[in-house]
K.L.:
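What follows is a single structure, and I will ask about it in a moment.
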Amino acid sequence: MPTTATTETADRPGIIHARPVPHPGRWVALVVIIVLLAMMISSFVTNERWNFPKAFEIMQQTPVLEGLWKGTIIGTIGAMAIGVVGGVIIGVLRLSSNPILRGVSFVYTWFFRGIPRLVLLAMIGSGVGFLYNRVDFGLPFGQQFGEWLGLSQDFTFFTLNVNQFSSTLIAGIIGLGLSEAAYMAEIARAGILSVDKGQAEAAQALGMSSGKTMRRIVLPQAMRVIVPPTGNETIAMVKDTSLLSAIPVITELFYQTSAIGNRTLLIMPAFVAVTAWYLIVGSVLMVGQYFLEKRFSRGFGESKKKKPKDSRFARPAGAGGA
């Protein structure tokens, strides 16, 4: 038996003294990054033209705060509400078995995805009011039929003055929301397609209607795919509210800071102020997006479990018994 014990001890691997692979390129890159970062900080500190105290003062002015709250925050919330609701509806229609509904939803996404938002808002602010100074809601060709028949009734139930409406924040929110709905439709469609068809088939086998299956089964599972790009679209919408000046909407963050910069000739402090506010709002939204993704990703993926250590490799060489 001593011979057998000696053979087992010789076959058992000893302690491995592993050394990490050297990566000199990482240290070189780190040094380069530190030098560049120090240069940037030095330029910010030594260049008085940045005028950070004045930029901080501009951030706290009442018109700027009003533009941040009304034009940027409320504009983003309103536009995203229209975009998300409309996008989900259009995305569901894109997957409909009805060719007419599929065609209408396709034309909608094709039209609004093809037009730049700046051009769309400019058209809403100027062109729509020029083409239709008022919009009558009633029977089609009701005025013409009433005039032809000699009736005093023109079959008009409600009239909207477009000129009073086209240059307001509501018009900008509607314009951004209609544009956003085209993008959200594709996001919602991708999320719905990511859910296995067996889920819907099982729900329908239990007697659920198509609408209830979509609300209770498909969409909750699709949210795992829908939430990340929706968060990106929300952050992008915060920045796109700066395009409301094309309507024009003066109660907007970028418009107010630009006006202060042009009036006081402090252009860069004004740009620094508006950049700081956009970074603050975007950072808050990124944190919210992280927690939403974490919530809707529950139950997906493998849980991380610590593997038990194998005692066979923890024993030192030569410790085997006879």
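For the numbers below, each heavy atom of this structure counts, side chains included, while hydrogens, waters and symmetry mates do not. Residue indices begin at 1 and follow the sequence shown.
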K.L.:
Honestly curious: do Leu95 and Val195 fall in one hydrophobic cluster under the side-chain, below-4.5 Å linking rule?
P.N.:
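Linked within one cluster.
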
K.L.:
Do Ser242 and Tyr255 come close enough that some side-chain heavy atom pair is under 4.5 Å?
P.N.:
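No - every pair of side-chain heavy atoms lies 4.5 Å or more apart.
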
K.L.:
Determine, step by step, whether Phe296 and Ile226 satisfy the side chain to side chain contact (heavy atoms under 4.5 Å, CB included) criterion, reporting the C-alpha distance in whole Å, the side-chain angles of both residues, the deciding distance to 0.1 Å, and the verdict.
P.N.:
CA-CA 10 Å; Phe296 285 105; Ile226 294 176; over 6 Å; no

K.L.:
Atom CG of Leu266 and atom CD of Glu57: how far apart are they, to the nearest 0.5 Å?
P.N.:
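Output value for this atom pair is 9.0 Å.
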
K.L.:
Quick check on the hydrophobic clustering: are Met59 and Ile260 connected, directly or via other members, by side-chain heavy-atom contacts under 4.5 Å?
P.N.:
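Met59 and Ile260: one cluster.
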
K.L.:
If you look at every heavy atom in Leu169 and Gly71, which pair is closest and at what distance?
P.N.:
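Taking every non-hydrogen atom into account, CD1-CA, 4.3 Å.
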
K.L.:
For Ser105, does its backbone N or O pair with a side-chain atom of Thr109 as donor and acceptor, under 3.5 Å?
P.N.:
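Side chain of Thr109 to backbone of Ser105: a pair is present.
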
K.L.:
Work out which heavy atom in Gly191 is nearest to a heavy atom in Ala222; give both atom names and the distance.
P.N.:
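Looks like O-CB, 3.1 Å.
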
K.L.:
Check whether any side-chain heavy atom of Leu253 lies under 4.5 Å from a side-chain heavy atom of Thr241, and answer yes or no.
P.N.:
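They are not in contact (no side-chain heavy atoms under 4.5 Å apart), so the answer is no.
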
K.L.:
For side chain to side chain contact (heavy atoms under 4.5 Å, CB included), just list the numbers for Met40 and Leu36, CA-CA rounded to whole Å, side-chain angles, deciding distance to a tenth of an Å, and then say yes or no.
P.N.:
CA-CA 6 Å; Met40 292 178 60; Leu36 293 176; 5.6 Å; no

K.L.:
Take atom CD1 of Ile100 as the centre, draw a 6.0 Å sphere, and report whether it contains more than 12 heavy atoms from other residues, nucleotides or ligands.
P.N.:
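Not more than 12 within 6.0 Å, no.
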
K.L.:
Atom CD1 in Ile192, atom CD1 in Ile187: separation rounded to 0.5 Å?
P.N.:
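It comes to 12.0 Å.
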
K.L.:
Do Ile90 and Ile174 share a hydrophobic cluster (ILVMFWY, side-chain heavy atoms under 4.5 Å, transitive)?
P.N.:
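The answer is yes; both residues are in one hydrophobic cluster.
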
K.L.:
Testing the basics here: between Ile82 and Leu178, what is the closest heavy-atom pair and its distance to 0.1 Å?
P.N.:
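Ile82 and Leu178 have their closest heavy atoms at CG2-N, 4.3 Å.
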
K.L.:
Considering residues, nucleotides and ligands other than Phe271, do more than 12 of their heavy atoms fall under 6.0 Å from its CZ?
P.N.:
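Not more than 12 within 6.0 Å, no.
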
K.L.:
Taking the side chain as every heavy atom from C-beta outward, state whether Asn51 and Met268 have any atom pair closer than 4.5 Å.
P.N.:
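Sidechains of Met268 and Asn51: no contact.
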
K.L.:
Mark yes or no for whether Glu186, through its side chain, and Ala182, through its backbone, hold a donor-acceptor pair below 3.5 Å.
P.N.:
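Flag not set: sc Glu186 to bb Ala182 has no pair under 3.5 Å.
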
K.L.:
With the threshold set at 4.0 Å, does a side-chain nitrogen-carboxylate oxygen contact exist between Arg224 and Glu293?
P.N.:
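No.
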
K.L.:
Once rounded to the nearest 0.5 Å, what's the spacing between atom OG1 of Thr72 and atom CZ of Phe254?
P.N.:
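Answer for the OG1-CZ pair, Thr72 versus Phe254, is 11.0 Å.
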
K.L.:
Applying side chain to side chain contact (heavy atoms under 4.5 Å, CB included), run through Arg94 and Arg102 and close with a yes or a no.
P.N.:
CA-CA 5 Å; Arg94 286 291 304 274; Arg102 289 203 311 270; 5.8 Å; no

K.L.:
Donor-acceptor pair, Glu180 side chain versus Ala79 backbone, under 3.5 Å?
P.N.:
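No; zero donor-acceptor contacts below 3.5 Å.
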
K.L.:
Taking atom CG of Asp240 and atom CZ of Arg117, what is their separation to the nearest 0.5 Å?
P.N.:
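Between Asp240 CG and Arg117 CZ, I get 5.0 Å after rounding to 0.5 Å.
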
K.L.:
Over 60° means perpendicular and under 30° means parallel, so tell me whether Phe44 and Trp50 are parallel, tilted or perpendicular.
P.N.:
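Ring orientation, 0 to 90° scale: perpendicular.
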
K.L.:
Just wondering, do Trp277 and Val64 contact through their side chains at under 4.5 Å, heavy atoms?
P.N.:
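Yes; the side chains approach each other to less than 4.5 Å.
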
K.L.:
So how far is it from Thr264 OG1 to Lys54 NZ, rounded to the nearest 0.5 Å?
P.N.:
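Those atoms lie 6.5 Å apart.
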
K.L.:
Got a donor-acceptor contact below 3.5 angstrom from the Gln60 side chain to the Phe56 backbone?
P.N.:
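Yes, the answer is positive, given that a donor and an acceptor are paired below the 3.5 Å cut-off.
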
K.L.:
With side chain to side chain contact (heavy atoms under 4.5 Å, CB included) as the criterion, how do Thr251 and Val249 come out once you've worked through the C-alpha distance, each side chain's angles and the decisive distance to 0.1 Å?
P.N.:
CA-CA 6 Å; Thr251 55; Val249 175; 3.6 Å; yes

K.L.:
Under the 3.5 angstrom rule, does the side chain of Asn262 hit a backbone N or O of Ser258 as a donor-acceptor pair?
P.N.:
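Yes, the answer is positive, given that a donor and an acceptor are paired below the 3.5 Å cut-off.
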
K.L.:
Tell me if a side-chain donor or acceptor on Ser126 pairs with a main-chain N or O of Met123 at a distance below 3.5 Å.
P.N.:
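The answer is no, because no donor-acceptor pair under 3.5 Å joins these two groups.
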
K.L.:
For Ile170, look at atom CD1 and say whether over 12 heavy atoms of other residues, nucleotides or ligands are found less than 6.0 Å away.
P.N.:
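Incorrect, the count does not exceed 12.
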
K.L.:
Examine Ile173 and Val84 and state if one hydrophobic cluster contains both, with Ile, Leu, Val, Met, Phe, Trp and Tyr joined whenever side-chain heavy atoms are less than 4.5 Å apart.
P.N.:
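Same cluster.
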
K.L.:
Going only through I, L, V, M, F, W and Y residues with side-chain contacts under 4.5 Å, is there a path from Leu68 to Tyr278?
P.N.:
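In one cluster with Leu68: Tyr278, yes.
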
K.L.:
Could you tell me how the ring of Tyr108 sits relative to the ring of Phe112: parallel (under 30°), tilted (30 to 60°) or perpendicular (over 60°)?
P.N.:
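Answer is tilted, since the angle falls between 30° and 60°.
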
K.L.:
Among Val281, Asn232, Thr234, Ile235, exactly one meets side-chain contact (heavy atoms from CB on, under 4.5 Å) together with Met286. Which residue is that?
P.N.:
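So the option named by the test is Ile235.
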
K.L.:
Do you know the tightest heavy-atom contact between Ala273 and Ile58?
P.N.:
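Reported closest heavy-atom pair: CB-CG2, 3.9 Å.
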
K.L.:
Given side chains that start at C-beta, do those of Thr257 and Gln61 come closer than 4.5 Å, heavy atoms only?
P.N.:
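Sidechains of Gln61 and Thr257: no contact.
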
K.L.:
Hey, what do you get for OG1 (Thr230) to CE (Met184), rounding to the nearest 0.5 Å?
P.N.:
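So the OG1 of Thr230 and the CE of Met184 are separated by 3.5 Å.
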
K.L.:
Minimum heavy-atom separation for Ser42 and Thr46, please, with both atom names.
P.N.:
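Shortest heavy-atom separation between Ser42 and Thr46 comes out as O-OG1, 2.5 Å.
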
K.L.:
Using modelled atom types only, decide if a donor and an acceptor are shared between the side chain of Ser179 and the backbone of Leu176 within a distance under 3.5 Å.
P.N.:
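Checked: no pair found.
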
K.L.:
Can you tell if the side chain of Arg295 reaches within under 4.5 Å of the side chain of Met223, non-hydrogen atoms only?
P.N.:
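No - every pair of side-chain heavy atoms lies 4.5 Å or more apart.
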
K.L.:
Are the side chains of Glu66 and Gln256 in contact, using a 4.5 Å heavy-atom criterion?
P.N.:
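They are not in side-chain contact.
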
K.L.:
For the residue pair Ala203 and Ile217, what are the closest heavy atoms and their distance?
P.N.:
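What the structure gives for the nearest pair is CB-CG1, 3.8 Å.
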
K.L.:
Run the salt-bridge test on Glu252 and Lys70 with the 4.0 Å N-O cut-off and return the result as yes or no.
P.N.:
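Salt bridge: no.
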
K.L.:
Taking the side chain as everything from C-beta on, heavy atoms only, tell me whether Met39 gets closer than 4.5 Å to Val35.
P.N.:
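Yes, their side chains come closer than 4.5 Å.
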
